[in-house]
Amino acid sequence: MRTRPGHRDEVVAILLDGVEGLQAAGCHLYVVGVSDTDPDLVVVTEVWQSREHHARSLQLPETKAAIAQAMPLLTGEFTGQETTVRGGLGL
(Lines give C-alpha, C1' and ligand atoms only; values in the text may rest on other atoms or scores of the structure.)
Protein backbone atom coordinates (compact mmCIF):
# COMPACT_ATOMS: atom_id res chain seq x y z
CA MET A 1 0.00 0.00 0.00
CA ARG A 2 1.19 3.48 -0.75
CA THR A 3 1.09 6.14 1.95
CA ARG A 4 0.85 9.85 1.49
CA PRO A 5 4.37 11.34 1.59
CA GLY A 6 5.80 11.38 5.09
CA HIS A 7 3.15 9.14 6.67
CA ARG A 8 4.72 5.70 6.21
CA ASP A 9 5.88 5.25 9.81
CA GLU A 10 2.50 6.39 11.15
CA VAL A 11 0.72 3.81 8.99
CA VAL A 12 3.14 1.09 10.09
CA ALA A 13 2.43 1.94 13.73
CA ILE A 14 -1.33 1.70 13.11
CA LEU A 15 -0.93 -1.65 11.34
CA LEU A 16 1.17 -3.06 14.19
CA ASP A 17 -1.04 -1.83 17.01
CA GLY A 18 -3.30 -4.59 18.29
CA VAL A 19 -1.84 -7.48 16.35
CA GLU A 20 -2.31 -9.69 19.42
CA GLY A 21 -5.93 -10.37 18.49
CA LEU A 22 -5.17 -11.54 14.96
CA GLN A 23 -4.21 -15.09 15.93
CA ALA A 24 -7.56 -15.65 17.65
CA ALA A 25 -9.24 -14.39 14.47
CA GLY A 26 -7.54 -17.08 12.36
CA CYS A 27 -4.36 -15.32 11.24
CA HIS A 28 -1.27 -17.53 11.02
CA LEU A 29 1.15 -14.87 9.78
CA TYR A 30 1.04 -11.06 9.75
CA VAL A 31 4.20 -9.23 8.72
CA VAL A 32 4.46 -5.50 8.08
CA GLY A 33 7.48 -4.28 6.15
CA VAL A 34 8.67 -1.19 4.35
CA SER A 35 10.50 -0.72 1.09
CA ASP A 36 14.20 0.08 1.26
CA THR A 37 13.94 2.14 -1.95
CA ASP A 38 10.46 3.72 -1.79
CA PRO A 39 9.84 5.91 1.28
CA ASP A 40 6.06 5.71 0.91
CA LEU A 41 5.56 1.97 0.38
CA VAL A 42 4.31 -0.43 3.05
CA VAL A 43 4.16 -4.16 2.37
CA VAL A 44 1.89 -6.42 4.43
CA THR A 45 2.09 -10.20 4.17
CA GLU A 46 -0.72 -12.21 5.74
CA VAL A 47 -1.57 -15.90 5.95
CA TRP A 48 -5.10 -16.72 7.14
CA GLN A 49 -6.78 -19.96 8.06
CA SER A 50 -9.31 -19.22 5.31
CA ARG A 51 -10.65 -16.39 3.19
CA GLU A 52 -13.71 -16.38 5.48
CA HIS A 53 -11.56 -15.86 8.58
CA HIS A 54 -9.95 -12.85 6.95
CA ALA A 55 -13.32 -11.43 5.91
CA ARG A 56 -14.66 -11.82 9.45
CA SER A 57 -11.57 -10.11 10.87
CA LEU A 58 -12.42 -7.01 8.84
CA GLN A 59 -15.68 -6.74 10.79
CA LEU A 60 -13.99 -6.62 14.21
CA PRO A 61 -14.36 -3.22 15.94
CA GLU A 62 -10.58 -2.85 16.41
CA THR A 63 -9.96 -3.63 12.74
CA LYS A 64 -12.58 -1.13 11.61
CA ALA A 65 -11.03 1.51 13.88
CA ALA A 66 -7.53 0.87 12.51
CA ILE A 67 -8.78 1.08 8.93
CA ALA A 68 -10.57 4.36 9.66
CA GLN A 69 -7.41 5.76 11.24
CA ALA A 70 -5.12 4.68 8.40
CA MET A 71 -7.26 5.50 5.36
CA PRO A 72 -6.66 9.28 5.38
CA LEU A 73 -2.91 8.59 5.38
CA LEU A 74 -3.04 6.38 2.27
CA THR A 75 -3.13 7.32 -1.40
CA GLY A 76 -5.64 4.59 -2.27
CA GLU A 77 -3.07 2.71 -4.36
CA PHE A 78 -3.15 -0.93 -3.27
CA THR A 79 -1.86 -4.02 -4.97
CA GLY A 80 -2.31 -7.55 -3.79
CA GLN A 81 -2.02 -11.17 -4.69
CA GLU A 82 -3.88 -14.12 -3.21
CA THR A 83 -2.05 -17.42 -3.13
CA THR A 84 -2.54 -20.88 -1.67
CA VAL A 85 0.23 -21.93 0.69
CA ARG A 86 1.71 -25.29 -0.25
CA GLY A 87 4.38 -25.44 2.45
CA GLY A 88 7.50 -23.80 3.69
CA LEU A 89 9.16 -22.74 6.90
CA GLY A 90 7.28 -21.12 9.74
CA LEU A 91 3.75 -22.29 9.02
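Excluded from the calculations below are hydrogen atoms, water molecules and symmetry mates; all remaining heavy atoms, backbone and side chain alike, are included.
- Screening residues 47-75 for salt bridge (charged side-chain N to carboxylate O under 4.0 Å, His left out), with sequence neighbours left out, gives Arg51-Glu82.
- In this structure, Val43 belongs to a hydrophobic cluster whose other members, linked by side-chain heavy atoms under 4.5 Å apart, are Leu41.
- Other members of the cluster containing Val12 are Met1, Val11, Ile14, Leu15, Leu16, Val19, Leu22, Tyr30, Val32, Val34, Val42, Val44, Trp48, Leu58, Ile67, Met71, Leu73, Leu74, Phe78, with ILVMFWY side chains joined at under 4.5 Å, either directly or via other members.
- In this structure, Gln23 places its CD atom where only 12 or fewer heavy-atom neighbours from other residues, nucleotides or ligands lie under 6.0 Å away.
- Heavy-atom minimum distance, Leu60 versus Ala25: CD1-CB, 4.2 Å.
- The salt bridge (charged side-chain N to carboxylate O under 4.0 Å, His left out) search around Arg2 returns Asp38, Glu77, not counting sequence neighbours.
- If you take SG on Cys27 and NE2 on His53, they are separated by 11.0 Å, rounding to the nearest 0.5 Å.
- Taking Ser35 as the reference, Thr37 meet the side chain to side chain donor-acceptor pair (under 3.5 Å) condition, with sequence neighbours excluded.
- Scanning for side chain to side chain donor-acceptor pair (under 3.5 Å) contacts around His54 gives an empty result, with sequence neighbours left out.
- Here the straight-line distance linking atom CG of Asp17 with atom CD of Gln69 works out to 7.5 Å at 0.5 Å rounding.
- Sorted pairs that involve residues 19-33 and meet salt bridge (charged side-chain N to carboxylate O under 4.0 Å, His left out), not counting sequence neighbours, are lacking altogether.
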